[in-house]
Number of protein chains: 4
Amino acid sequence: MSRPDVSTERRHQILDAAEKVFVRHGFAESTMEQIVEESHLSKGAIYWYFKGKDEIIGASLARMFERSLQDVADQLKSDRPIVERLMTVARCATDQIRNARQLAGVELEAYAMAARSPQMRRRASGYFNAYIDAFAKLIADGIEKGELHPVDPRKAAISGVALFEGLTLLWVVNPDLDFEEVLAHAAGLMLASLLRDAPRPNLFPVVRGDH
Amino acid sequence: MSRPDVSTERRHQILDAAEKVFVRHGFAESTMEQIVEESHLSKGAIYWYFKGKDEIIGASLARMFERSLQDVADQLKSDRPIVERLMTVARCATDQIRNARQLAGVELEAYAMAARSPQMRRRASGYFNAYIDAFAKLIADGIEKGELHPVDPRKAAISGVALFEGLTLLWVVNPDLDFEEVLAHAAGLMLASLLRDAPRPNLFPVVRGDH
Amino acid sequence: MSRPDVSTERRHQILDAAEKVFVRHGFAESTMEQIVEESHLSKGAIYWYFKGKDEIIGASLARMFERSLQDVADQLKSDRPIVERLMTVARCATDQIRNARQLAGVELEAYAMAARSPQMRRRASGYFNAYIDAFAKLIADGIEKGELHPVDPRKAAISGVALFEGLTLLWVVNPDLDFEEVLAHAAGLMLASLLRDAPRPNLFPVVRGDH
Amino acid sequence: MSRPDVSTERRHQILDAAEKVFVRHGFAESTMEQIVEESHLSKGAIYWYFKGKDEIIGASLARMFERSLQDVADQLKSDRPIVERLMTVARCATDQIRNARQLAGVELEAYAMAARSPQMRRRASGYFNAYIDAFAKLIADGIEKGELHPVDPRKAAISGVALFEGLTLLWVVNPDLDFEEVLAHAAGLMLASLLRDAPRPNLFPVVRGDH
DNA sequence: TATGAATGAGTATTCATTCAT
DNA sequence: TATGAATGAATACTCATTCAT
């Protein structure tokens with residue numbers, strides 16, 4: 001009598017469509033009509049699952065943030081040496097951003113919205129804090145194990161996250177920038193003063209020619 | 001018989017108003033009506049001086065970028081030791097952002113737009129390149145003078161700008177962040193591996209109690 | 001094998017719910033969704049028993065009118081003196097309207113609809129005619145028995161019904177109005193010129209202190 | 001330099017159009033599109049002069065009420081005998097309603113709305129009170145002059161207004177009703193018990209054959 | 001019988017832009 | 001130059017109704 005529950009599937013179907021539209025047009029310029037088309041559903045169906053455009057934007061961002069956190073946070077819990085783990089995190093984040101290149105612009109718009117909307121600010125800062133916390137734990141670990149200089153782990157984490165976000169920003173504005181190369185250099189600079197030994201770790205030792 | 005030329009004054013009057021509105025509502029949500037009110041001019045007057053909303057956004061951003069560049073670029077040409085000049089640049093940028101706190105969000109939205117619009121991308125990357133170039137020259141200078149390690153000046157400059165922009169982003173999202181403190185720490189980390197001597201320069205040595 | 005017939009029960013369940021919703025929001029602003037909620041049934045069930053919203057409105061009004069007629073018409077057939085019976089009718093109608101205070105607004109909307117829709121007009125005028133006829137018969141009876149002046153019974157009945165409906169209208173618009181007091185006065189004025197004797201019958205002789 | 005002020009003219013142009021649409025479709029079923037068409041203006045123009053549909057409804061009703069009051073209240077201040085003045089009022093109201101036959105339905109819908117909306121209630125009861133007050137004054141005048149029995153003027157006025165509104169209601173629902181004839185009869189009944197002398201005033205002595 | 005997900009035409013409202021004055 | 005009334009395309013959202021299960 002009861003049909004299988006398709007609500008989760010539908011919600012993702014809608015968010016997938018919305019994400020594509022947001023990437024192309026930004027939040028403000030995206031229309032429900034476009035989301036309707038892209039989702040191959042009807043207007044009514046969209047509104048059956050979401051209260052309105054704002055809720056779709058919210059859910060879409062939440063999903064992005066979650067995905068972002070998940071992917072990276074996974075890399076933080078391992079037993080290998082700190083440098084290796086930091087490198088892995090960096091590469092993971094890089095891979096992620098390369099694969100979801102388009103989303104970077106959308107996230108930027110979300111941060112711009114955060115400048116005006118307290119609600120958005122709460123959401124986004126929650127995301128960043130989770131990110132920073134995980135990162136700080138990793139650094140604290142490295143300090144404890146004697147691999148890193150005894151710095152304030154949280155501040156160092158903030159520096160790291162800021163560096164990464166800043167590079168992403170530059171890269172969004174100038175896609176010709178070789179993201180990996182620049183990240184390698186920047187991270188190298190920062191790590192050099194954190195590491196007790198190895199003065200110049202190479203984050204991206206394998207030279208690939210595919211970009 | 002000819003009235004004095006008020007066009008420059010009027011254009012600034014309009015852009016000043018637009019800037020305020022953009023800060024409050026973002027580009028997309030700002031209306032011409034709001035700009036009209038804030039400028040104490042009429043709709044017709046606005047359209048006399050600007051083709052439309054897009055042109056106002058463009059002109060407004062151009063002015064912001066120019067101001068930004070001016071303020072900081074000035075600091076780059078001096079004869080004092082590199083560290084001092086770097087510190088001055090950092091402080092100058094910090095002051096600037098503290099004074100125009102509101103504009104950070106607007107700029108962020110401009111970068112988000114750049115992700116979609118080639119025109120915007122050109123404009124914004126021009127701005128960043130000018131910034132990076134000036135910064136790179138400063139670093140090259142420092143290397144030449146033997147004050148800095150021989151690194152790729154452009155890459156180092158990018159790292160520096162990225163760090164600054166990333167911190168700004170974090171701070172926009174989380175205004176509770178002590179911008180100066182974190183910038184001092186982050187810049188310290190980066191400078192430490194650039195400088196030949198002083199392992200830990202203090203960017204903000206004077207402790208102020210006003211925040 | 002055949003389940004008991006629940007259709008009558010269901011129809012009333014739906015109409016009861018609809019009535020509540022109509023009282024709160026009027027016909028036009030009431031939604032099927034609200035009726036669904038209030039009835040604790042499903043959308044499909046509602047549409048199983050009624051063709052659509054219009055049919056529900058129709059059935060709901062029919063039921064209201066019937067109820068109205070039933071209650072009052074009962075009072076018309078008795079053997080007591082005319083004045084007494086008129087007074088009883090008035091009190092009955094008053095009681096009825098006091099108990100279903102909310103419905104007065106709904107009925108008013110129905111009359112407004114009648115101004116535009118011939119179908120509604122037919123329905124509503126049928127209701128009024130039944131009312132007026134019964135009332136006229138009562139008056140004719142009074143005339144025949146020599147209790148009332150020989151007036152046109154139908155016109156007098158119309159006057160009576162109009163007076164009652166008009167007071168209801170005023171009371172809907174101004175609920176602070178003491179319905180009974182005003183009705184007593186108005187009916188008194190009218191009866192005075194109908195009755196052969198008693199110039200000032202008191203319709204509501206019992207003084208209550210509860211309002 | 002400044003064009004003539006057309007705002008008053010435009011507002012009336014819009015309200016005239018709205019009134020026609022309201023008469024045809026009622027408030028709820030009337031669309032802005034229809035008002036736009038009927039007014040020969042553009043959507044934007046409508047919204048330039050009115051905030052939205054609700055405001056148009058409000059303004060439209062206000063205008064109706066005002067007109068209604070104006071027309072009738074004028075008749076209340078004269079020096080002729082009370083009966084004559086009452087008759088004049090009745091005829092005036094009748095003429096008015098005959099000329100604006102269509103509006104009766106709209107007013108009914110307004111009263112129905114008043115049942116649900118306190119704001120509407122305030123507006124409508126204000127209208128009725130003004131009406132009743134004027135009427136009461138007339139009656140008090142008659143009593144003072146010894147032309148009428150000493151009754152409570154306000155209650156009598158309410159009775160009169162109720163009678164008139166009730167007849168209008170019946171006539172809206174059943175346009176075949178001879179409004180004047182019935183009003184004459186009903187008013188006669190009521191006046192008979194108010195007047196000290198003339199037992200049966202004829203409100204509409206001139207028999208016209210045009211309806 | 002009964003469910004509730006899905007449909008899509010319809011609606012109020014906004015807002016960049018124009019243009020007669 | 002400057003005004004602000006007027007335009008109308010575009011947009012978010014609603015809701016009666018249908019239909020596969």
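A note on names: the letters A, B, ... follow the listed sequences, proteins ahead of strands, and every chain is numbered from 1. We use all heavy atoms of the structure for the numbers below, so side chains are in, but hydrogens, waters and symmetry mates are not. Since this is a predicted model, take the numbers as computed values, not measurements.
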Which nucleotide in the set [options] lies at the smallest distance from any side-chain heavy atom of [X]?
| X | options | value |
| --- | --- | --- |
| B/Ser42 | E/dA6, F/dG8, F/dG4 | F/dG4 |
| D/Tyr47 | F/dT1, F/dT7, E/dT13 | E/dT13 |
| A/Tyr49 | F/dC13, E/dA6, F/dG4 | E/dA6 |

Take the protein atom [atom1] of [X] and the nucleotide atom [atom2] of [N], then report the distance between them rounded to whole Å.
| X | N | atom1 | atom2 | result |
| --- | --- | --- | --- | --- |
| C/Glu29 | E/dA12 | CD | P | 11 Å |
| D/Phe27 | E/dA12 | CZ | P | 14 Å |
| B/Arg11 | F/dT1 | CZ | C1' | 15 Å |
| A/Gln13 | E/dA5 | CD | C1' | 13 Å |
| A/Met32 | E/dT7 | CE | P | 14 Å |
| A/Phe50 | F/dA12 | CZ | C1' | 16 Å |
| B/His40 | F/dT3 | NE2 | P | 13 Å |
| D/Ile57 | E/dA12 | CD1 | C1' | 12 Å |

Margin query: Please determine whether a side-chain nitrogen of the Lys or Arg among B/Glu33 and B/Lys43 lies less than 4.0 Å from a carboxylate oxygen of the Asp or Glu.
Written below: yes

Notebook entry, point to check: Given that D/Leu41 and A/Lys43 both sit by DNA chain F, which one's nearest nucleotide is further toward the 5' end?
Noted result: D/Leu41

Checklist line | C/Ala28 or A/Glu33, whichever maps to the more 5' nucleotide of DNA chain F | finding: A/Glu33

Note to self: Taking pairing as Watson-Crick or G-U wobble with both contacts under 3.5 Å, can you name the mate of F/dA6, or confirm there isn't one?
What the structure shows: E/dT17

Item checked: Assigned partner base of F/dT11, Watson-Crick or wobble definition, under 3.5 Å -> E/dA12

Next item on the list: Between A/Ile46 and D/Lys53, just flag the one whose closest nucleotide in DNA chain E comes earlier from the 5' side.
Entry: A/Ile46

Notebook entry, point to check: Where each residue is assigned the nucleotide of DNA chain E containing its nearest heavy atom, which of A/Gly44 and C/Ala45 is assigned the position nearer the 5′ end?
Noted result: C/Ala45

Next item on the list: Classify the nucleic acid contact of D/Gly52 as base, sugar-phosphate or nothing, counting any heavy atom under 4.0 Å across all strands shown.
Entry: sugar-phosphate

Notebook entry, point to check: With no hydrogens and no angle check, is any side-chain donor or acceptor of B/Gln102 less than 3.5 Å from a backbone partner on B/Val23?
Noted result: no

Note to self: Please determine whether a side-chain nitrogen or oxygen atom of C/Arg10 lies at a distance below 4.0 Å from atom OP1 or OP2 of E/dT1.
What the structure shows: no

Margin query: Measuring to OP1 and OP2 of E/dA5, would you say a side-chain N or O of A/Trp48 lies under 4.0 angstrom away?
Written below: yes

Notebook entry, point to check: With a cut-off of under 6.0 Å to the ring centre and 45° to the axis, is C/Arg11 in cation-pi contact with C/Phe50?
Noted result: yes

Notebook entry, point to check: Under 6.0 Å between ring centres, would you say that holds for B/Tyr111 and B/Phe128?
Noted result: yes

Margin query: Parallel, tilted or perpendicular, judged at 30° and 60°: which one describes the rings of D/Tyr127 and D/Phe65?
Written below: parallel

